Asks: 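Following this message is one structure expressed as structure tokens.
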2 protein chains.
Amino acid sequence: MNFESTALDSAFMALADPVRRSIIARLSRGPATVNELAEPFEISKQAVSKHIQVLEQAQLVTRTRDAQRRPVHLNPARLEALTAWINQYRLVREEQFRSLDAVLQSSAGHHGAKAKEKP
Amino acid sequence: MNFESTALDSAFMALADPVRRSIIARLSRGPATVNELAEPFEISKQAVSKHIQVLEQAQLVTRTRDAQRRPVHLNPARLEALTAWINQYRLVREEQFRSLDAVLQSSAGHHGAKAKEKP
DNA sequence: AGGTTGATAAACAAGTTAGTTGATTAGCAA
DNA sequence: TTGCTAATCAACTAACTTGTTTATCAACCT
């Protein structure tokens with residue numbers, strides 16, 4: 001079983017917070033400093049800094065250096081990795097529907113839904 | 001600011017766990033019962049049942065009734081909602097690259113990167 | 001050097017999550 | 001009824017997350 005868990009773990013976890021998603025949204029319009037990113041929120045700058053660390057650890061953002069500022073940049077590649085994971089199962093499901101359709105047409109009326117196949 | 005947070009919160013949070021993602025992967029091959037879903041894992045059935053509750057609350061899966069069994073089904077629509085959110089910012093970023101390209105071509109050599117514009 | 005600004009580190013409180021074990025409900029089969 | 005199976009509920013622990021406050025670091029500016 002293909003468990004490359006931790007990368008996806010941290011990425012999905014990072015997006016499971018409205019503040020962090022809002023930061024992503026803002027960064028999609030261009031890089032920004034921690035102060036700029038913290039401005040729209042009621043929470044402290046330190047808290048926003050931690051959120052950015054979470055996003056950075058998930059590799060959803062990167063940071064560069066500009067004097068004392070540490071601008072944050074979006075990393076679109078990581079976002080695409082997430083859509084890739086999701087699409088993997090969304091597409092499989094569409095195939096599933098086609099097979100199900102075939103089964104229903106060939107043996108219509110089979111009631112016992114005891115699926116017990118093992119991979 | 002368009003905050004329809006909680007739905008995305010629970011969905012991303014639900015996928016931030018390898019056990020739950022593995023359950024999604026298994027369900028993409030067709031519905032399964034709690035016992036069947038619990039089999040590949042070392043943890044107890046109760047723990048898997050809780051994971052399924054998390055997925056259900058996030059509306060990533062639904063459950064039907066078959067006697068004492070409660071088969072779990074994937075809900076692909078919710079997965080598409082996540083890709084929709086992500087693509088929203090991935091696409092914006094591509095536009096951003098085009099604008100950045102234009103800026104760099106028109107004023108090449110500008111050194112003071114003191115971005116301070118406010119939306 | 002001294003002062004200010006941008007950002008982080010460390011320590012803590014409060015809340016949440018993931019897992020456990022033990023008991024309980026609900027349906028099916030004799 | 002009795003027993004078996006599928007699944008959940010309840011109570012509890014351990015670990016983690018989010019936010020705070022206080023203190024520190026690094027780079028710039030007179």
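Owing to the predicted nature of the structure, the values given are computational and were not obtained by experimental measurement. The chains referred to below are lettered A, B, ... by the order of the sequence lines, with proteins before strands, and numbering in each begins at 1.
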Asks: Only one of B:I23, B:L79, B:L74 passes side chain to side chain contact (heavy atoms under 4.5 Å, CB included) with B:S28; say which it is.
Replies: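 Result: among B:I23, B:L79, B:L74, B:L74 is the only option passing the side chain to side chain contact (heavy atoms under 4.5 Å, CB included) with B:S28.
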Asks: If you check every side-chain atom of A:R69, which of C:dG6, C:dT20, D:dT22 has the closest atom?
Replies: C:dG6
Asks: Is it the case that the side chain of B:N75 and the backbone of B:Q59 share a donor-acceptor pair, with hydrogens and angles ignored and the cut-off at 3.5 Å?
Replies: yes
Asks: Could you state the CG-C1' distance from B:D66 to D:dT5, rounded to the nearest angstrom?
Replies: 13 Å
Asks: For D:dG19, does either OP1 or OP2 sit under 4.0 Å from a side-chain N or O belonging to A:H51?
Replies: yes
Asks: Check the hydrophobic clustering (I, L, V, M, F, W, Y; side-chain heavy atoms under 4.5 Å; chains of links allowed) and say if A:V54 and B:Y89 are grouped together.
Replies: no
Asks: Is there side-chain contact between A:I24 and A:V61, with at least one heavy-atom pair below 4.5 Å?
Replies: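 When only atoms from C-beta onward are counted, A:V61 and A:I24 do touch, with a gap below 4.5 Å.
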Asks: Without decimals, in angstroms, what is the distance between B:K50 NZ and C:dT20 P?
Replies: 9 Å
Asks: Quick one: B:I43 CD1 to C:dT20 P, roughly how many Å, whole number?
Replies: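 Result: 6 Å.
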Asks: From the list D:dC28, D:dT18, D:dT8, which nucleotide is the closest neighbour of the side chain of B:V34?
Replies: D:dT8
Asks: Please report, rounded to the nearest Å, how far the C1' atom of D:dT17 is from the CE atom of A:M13.
Replies: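 After rounding, the gap between these two atoms is 7 Å.
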Asks: I'd like to know if A:K45 reaches the base of C:dG6 with its side chain, counting only an N/O donor and acceptor under 3.5 Å.
Replies: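 For A:K45, whose side chain was compared with the base of C:dG6, there is no donor-acceptor pair (under 3.5 Å).
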Asks: Can you find a donor-acceptor pair, distance only, under 3.5 Å between A:Q46 side chain and D:dT18 base?
Replies: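 Absent.
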Asks: So does A:R63 get a side-chain nitrogen or oxygen closer than 4.0 Å to the phosphate oxygens (OP1/OP2) of C:dT8?
Replies: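 Yes, because at least one side-chain N or O of A:R63 sits under 4.0 Å from OP1 or OP2 of C:dT8.
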Asks: Specify the closest pair of heavy atoms between A:V34 and A:R63, including all atoms of both residues, with the distance to one decimal.
Replies: CG2-NH2, 3.4 Å
Asks: Go through residues 52-60 of chain B and report each residue with a non-hydrogen atom lying under 4.0 Å from DNA chain D, sorted by number.
Replies: B:Q53
Asks: Looking at B:N35, I'd like to know whether one of its side-chain N or O atoms comes within less than 4.0 Å of OP1 or OP2 on D:dT5.
Replies: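 Result: no.
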Asks: Give the rounded distance in Å between these two atoms: CG of A:D9 and P of D:dA15.
Replies: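 Between P of D:dA15 and CG of A:D9: 19 Å.
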Asks: What's the CD1-P distance between A:I23 and D:dT18, to the nearest Å?
Replies: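 It is 11 Å, rounded to the nearest whole Å.
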Asks: Return each pair, listed once, that meets ring pair (Phe, Tyr, Trp, His ring centres under 6.0 Å) where at least one residue sits in residues 12-36 of chain A; pairs must be two or more places apart or across chains.
Replies: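 The answer is A:F12-A:W85.
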Asks: Can you work out whether A:R70 or B:Q68 has the more 5'-proximal nearest nucleotide on DNA chain D?
Replies: B:Q68
Asks: With respect to the phosphate group of C:dA18, does any side-chain polar atom (N or O) of B:R20 fall under 4.0 Å of OP1 or OP2?
Replies: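 Yes, within the criterion.
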Asks: Do the side-chain N or O atoms of A:S49 get closer than 4.0 angstrom to the phosphate oxygens (OP1, OP2) of C:dT8?
Replies: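 Affirmative; the distance criterion is met.
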Asks: Within the structure provided, determine whether A:K45 and A:V48 are in side-chain contact (heavy-atom separation under 4.5 Å).
Replies: no
Asks: Please determine whether a side-chain nitrogen or oxygen atom of A:S44 lies at a distance below 4.0 Å from atom OP1 or OP2 of D:dT20.
Replies: yes
Asks: Hey, what do you get for CG (B:L27) to CZ (B:R20), rounding to the nearest 0.5 Å?
Replies: 13.5 Å
Asks: Round to a whole Å and report the spacing from CZ of A:R65 to P of C:dA7.
Replies: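 Whole-Å distance recorded here is 10 Å.
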